[in-house]
Amino acid sequence: MRIPIQNVTPECGHAEVCGWVHEVRDLGGLAFMLIRDRTGIIQVTIPKKKVPEAVLAALKAVSRESVVRVTGPVKAIDKAPGGRELVPESIEIISLAETPLPLDVSEKVLAEMDTRLDARFLDVRRPRVAAVFEVRSAACFAINQYFHENGFTNITTPKIVAAATEGGTELFPIAYFDKEAFLNQSPQLYKQMMMAAGCERVYEIGPIFRAEEHNTTKHLNEATSIDIEVSFADHLEVMRILEDLIVRIYEYVNKTCSTQLANLEITDFAVPKAPFPRLPYAEAIEIAKKKIDEPIKYGDDISPAAERAIGAEMGGHYFIVDWPSEIRPYYAMQYEDDPSICKAFDMMHPRMELSSGAQREHRYDILVNQIRRKGLNPESFEFYLKPFRYGMPPHAGWGLGADRLVMTMLGLSNVREAVLFPRDMHRLVP
RNA sequence: GCCCAGGUAGUGUAGUGGCCUAUCAUGAUUGCCUGUCACGCAAUCGACUCGGAUUCGAAUUCCGACCUGGGCGCCA
C-alpha cells in the first residue's frame, strides 16, 4: 500500500512510497535519492554494498523527475532531512523521464514565464507553484460554502451565445453549424433573467471570454468570473455580501493553507476587515488629481496610474461608489434625486479592480429609455428585455474576477501565475 | 493597436566590430568518492531566432520577418 510521503514516519516500520525523483546525490559507496510527491519529500538512502543488485541497477538507470515506487524499512536518522529515511529493498521505475528537462523543477535555475507555461505540467511540480492552485481551490471551496450557507442557488449559464448582448467588449466569433455565434463575455443578462425566473439568489463561477488585444499582467482573454444576482436587494446589500465573502475567503485560506502560504514564502498574510471604505467616484478623482500628473477630470475612466495612486491612499480593499451614469452600462439604476450618478460600484484591491456591480434598473420603460440614451437600439435587446415585461423584481449583483482575487491575495506579479493554462493574445497552447 | 526593452547550449546568463575556437552557473554523459542535504572532484557534451545589407572581418551595426517580456490604450 502506498503511503503519502508526509505520513512516512519511523513508526511505519516498512513503507511503500510513489513519486517523482527530485534529485540524486551519489557519494560513491553511498547514494541519496530524494523522492517527491504532492505531500512532501523523503530521502531514500542507498548503501550500495547492502542493497539488492536490482536497486543498484535502478539507481543507475533512473533520471530526475522519473516516476518511481520505492519500498523498504523506514529508519529514524537525525542527519536525514525530516529525521527519517527509507532504505530501499526495491526501486521500480514506473515512468522514465527524458533528459534534459525543459525546465529545472528543483529551482536551481529559475525559468521565465514563457518557458514555464510551455511546460506547465513540470512547472506545477514545483511546490511553490502547486501552492497557488491549492490556495485557489481552497478559495473556491470557501466561496461555494458561503453561498450555500446564505441561500444562493448555483447556476450554469451558456457560454455560447447568439449576440453581443452588452456592447463594449469585443467577442470571439465561433462557427455554430450554419449560424453566427460568440463566446459569452459575461453571464450578466442570464443571471438577471434568473431574477425574473424567481430564483431570488443565484451565483455562478465560470469562464468569460473577451477578444480584446490587451497586453498586460492583469488581463486574459479567458478569465474566471464569480457572479451573483440577488432579488429585492439594492447595491448596498450586495456590497455587504461582497465584502463579507472576501473576508470569508481570506479567513478560510489563512486557516487551512498554512503549508501553501509557507511554500509561497508569505509570512504576513493579512485578512482584510469589513466593512470596506465606500469612496464616492468624485472623491476618488480628487485623490488621483492630487497624486498624479496626468490630466484627469470628472467623467473619465480611472487609469491604471490613478488606480494605483488611489489604492496607495486607501491602503486596503475599498469600494468606489456613485459612478457617473454615462460611464456605466445602461442597466445600472440611476439615483432618483440625481440621475447623473448611478447605483454602481467597483470593489478595489490597492493594486487593481477586482469586482464591479450595481443595482440594476428593473422598470421596463426606464430601462428601454436608458438603452436608447446609450445610443443602442432596444429592438436588438428583445431577448434581454422580454423578462422585464412579465414581473421582474428589483435586483442587484456583481461579478468578481477569480484570477485577480488569487493574484492579489498571494501578491503574484502576473495574473498568469494564478491560472493553470492562461489564454492571452499570444498563447493558445497548451 | 501604440510605445519601450529583449531573442546566445535543455534552463538562466556574460559578451557594444577582430582578443569568440563565445563567459559563468545549472544540466546531461563518464569516472572517483560512505552521510549528502544547492554534496565534492575530474573529463566530456551542448547555443549566437530567421532572411537580407554594410564591412577585409558581425553574437555585436543597419533593414525586414517571426517570437518574448513590460507599459499604455482598449477592457458589460
Side-chain angles (χ1 to χ4, degrees), chain A residues 22-34 41-51 60 63-65 75 77-83 85 87 97-119 122-123 161 164-171 184-192 208-221 223 225 227 294 301-308 323 327-332 344 346 352-353 355-358 360 371 374 376 381 384 397-399 401 404 413-414 416 424-427:
Chain A
H22 191 67
E23 219 170 323
V24 179
R25 297 191 196 102
D26 190 340
L27 272 56
L30 184 68
F32 301 101
M33 186 186 280
L34 301 181
I41 292 180
I42 189 170
Q43 174 166 287
V44 173
T45 300
I46 305 163
K48 292 189 185 173
K49 286 177 187 158
K50 296 179 189 161
V51 297
K60 199 168 164 58
S63 55
R64 294 163 86 212
E65 295 305 320
K75 294 184 176 161
I77 301 270
D78 282 346
K79 47 193 168 182
E85 67 184 20
V87 179
E98 277 184 20
T99 57
L101 297 163
L103 59 83
D104 178 11
V105 177
S106 69
E107 299 189 325
K108 283 173 197 159
V109 180
L110 294 174
E112 288 191 347
M113 181 67 73
D114 191 49
T115 307
R116 292 172 51 201
L117 292 177
D118 278 340
L122 274 175
D123 188 44
V161 297
T165 45
E166 294 184 63
T169 192
E170 293 291 315
L171 301 184
N184 208 175
Q185 68 190 110
S186 153
Q188 174 71 24
L189 306 187
Y190 287 95
K191 61 184 184 169
Q192 286 193 259
I208 56 171
F209 305 91
R210 293 173 186 197
E212 300 291 341
E213 296 185 339
H214 31 49
N215 194 234
T216 77
T217 52
K218 57 184 185 186
H219 289 91
L220 291 173
N221 295 294
S225 179
D227 273 88
E294 51 189 84
D301 280 318
I302 295 177
S303 71
E307 216 170 69
R308 286 189 293 269
W323 286 74
I327 56 172
R328 300 298 286 209
Y330 59 83
Y331 52 71
D346 278 3
M352 70 189 76
E353 176 191 336
S355 169
S356 65
R360 325 299 188 187
I371 290 173
K374 291 280 178 190
L376 303 166
F381 286 77
Y384 172 62
W398 44 252
R404 287 185 182 186
S413 59
N414 191 320
R416 289 160 183 79
D424 62 33
M425 241 175 104
H426 307 294
R427 183 170 288 277

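So that the names make sense, note that chain A is the first sequence line, chain B the second, and so on, each numbered from 1. It should be emphasised that the depicted structure is a prediction, and the values quoted were computed from it without experimental measurement.
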Could you check which of [options] has an atom nearest any side-chain atom of [X]?
X       : options                : answer
E85(A)  : U26(B), U34(B), G35(B) : G35(B)
A80(A)  : C75(B), U26(B), G35(B) : G35(B)
P304(A) : C72(B), U34(B), A38(B) : C72(B)
H426(A) : G27(B), U68(B), C37(B) : U68(B)
A111(A) : U68(B), U11(B), G73(B) : U11(B)
R64(A)  : G1(B), G35(B), G27(B)  : G27(B)
L30(A)  : G35(B), C74(B), U11(B) : G35(B)
S303(A) : G35(B), G73(B), C72(B) : G73(B)
E212(A) : G71(B), C74(B), U11(B) : C74(B)
F32(A)  : U36(B), U11(B), G1(B)  : U36(B)

- request: For the residue pair E294(A) and S303(A), confirm or rule out a side-chain donor-acceptor distance under 3.5 Å.
  value: yes

query: Knowing that exactly one of R64(A), E65(A), E23(A), H22(A) qualifies, which makes a side chain to side chain donor-acceptor pair (under 3.5 Å) with S106(A)?
result: R64(A)

Under 4.0 angstrom, heavy atoms only, what part of the nucleic acid is [X] near: base, sugar-phosphate, or nothing?
X       : value
P81(A)  : base
Q192(A) : nothing
T217(A) : sugar-phosphate
E112(A) : sugar-phosphate

Which residue lies more 5' along RNA chain B, comparing M113(A) with K50(A) via nearest heavy atoms: K50(A)

